[in-house]
Amino acid sequence: AQSVTQLGSHVSVSEGALVLLRCNYSSSVPPYLFWYVQYPNQGLQLLLKYTTGATLVKGINGFEAEFKKSETSFHLTKPSAHMSDAAEYFCAVSDRGNQGGKLIFGQGTELSVKP
Amino acid sequence: DTGVSQDPRHKITKRGQNVTFRCDPISEHNRLYWYRQTLGQGPEFLTYFQNEAQLEKSRLLSDRFSAERPKGSFSTLEIQRTEQGDSAMYLCASSLTGVMYEQYFGPGTRLTVT
């Protein structure tokens, strides 16, 4: 069964600093990969996804992620954190054979941004 | 486009009671998903529909849980004989078929079982 591991349940950065949120998956066949953000009392919003092609994916709000097959990783980065980036971030995977079916989520990383 | 809506937003019930939640997807979306999220965890897949057909159900899902999408539009999730362990946020999402299409999530229904 596929699984997703997010290293660090809580990450704190200063405003303007680099944001790095880590995600590793376990699957013999690389799955589709996603990053979602969840603000308090709201549903999840898609930040970016990797399905095929270029391994560096750009998303909304200045975030990007790079798929590294050799490391089974899909880490999320943003060059300069903003206060509005404070939220919960979830990495997720979906089976390639399922035409975009169910998502398997990691346990989440809470990002705090200090002024 | 009004997005995915869920009703109610909050539900408090006593242990042993039955509860039903409703999800209205984005109108043209043929896929509808249910997830459960407990505090400090990522969402956990429960089940999903393509049109009115239930295509997959989590093996972790108790027989007390049932979901329907009778006309391929809105869906209901019923929990019978609720237990304290059922307390969670229940999320609904919808999409078109195909990985290129994003799953859009609703705001969730927070269930508290006392």
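- Each of A/Leu48 and A/Leu44 belongs to its own hydrophobic cluster when Ile, Leu, Val, Met, Phe, Trp and Tyr are linked at side-chain heavy-atom distances under 4.5 angstrom.
- Each of B/Gln50, B/Gln37, B/Met89 has some count of heavy-atom pairs under 4.5 Å with chain A, and the biggest count is that of B/Gln37.
- Counting all heavy atoms, side chain and backbone alike, A/Lys102 lies closest to B/Glu56 at NZ-OE2, 2.7 Å.
- Residues B/Tyr35 and A/Leu103 come closest through the heavy atom pair OH-N, 3.1 Å.
- The line from CD of B/Gln41 to CD of A/Glu88 is 9.5 Å long, rounded to the nearest 0.5 Å.
- Within 6.0 Å of CZ on B/Arg15 lie no more than 12 heavy atoms contributed by other residues, nucleotides or ligands.
- When the side chains of ILVMFWY residues are joined at heavy-atom separations under 4.5 Å, either directly or via intervening members, A/Val4 and A/Phe67 end up in a single hydrophobic cluster.
- At least one side-chain heavy atom of A/Tyr36 sits under 4.5 Å from a side-chain heavy atom of B/Gln103.
- Only the side chain of A/Gln38 comes within less than 4.5 Å of a heavy atom in chain B; its backbone stays farther off.
- A/Val93 and A/Leu21 fall within a single hydrophobic cluster, where Ile, Leu, Val, Met, Phe, Trp and Tyr are joined by side-chain heavy atoms under 4.5 Å apart, directly or via other members.
- Two different hydrophobic clusters hold A/Ile60 and A/Leu46 under the rule that ILVMFWY side chains link at heavy-atom gaps under 4.5 Å.
- By number of non-hydrogen pairs under 4.5 angstrom with chain A, the leading residue of B/Gly42, B/Gly40, B/Pro43 is B/Pro43.
- Contacts between B/Arg110 and chain A at a heavy-atom distance below 4.5 Å are absent for every atom of the residue.
- B/Leu32 and B/Leu96 fall into different hydrophobic clusters, where Ile, Leu, Val, Met, Phe, Trp and Tyr are joined by side-chain heavy atoms under 4.5 Å apart, directly or via other members.
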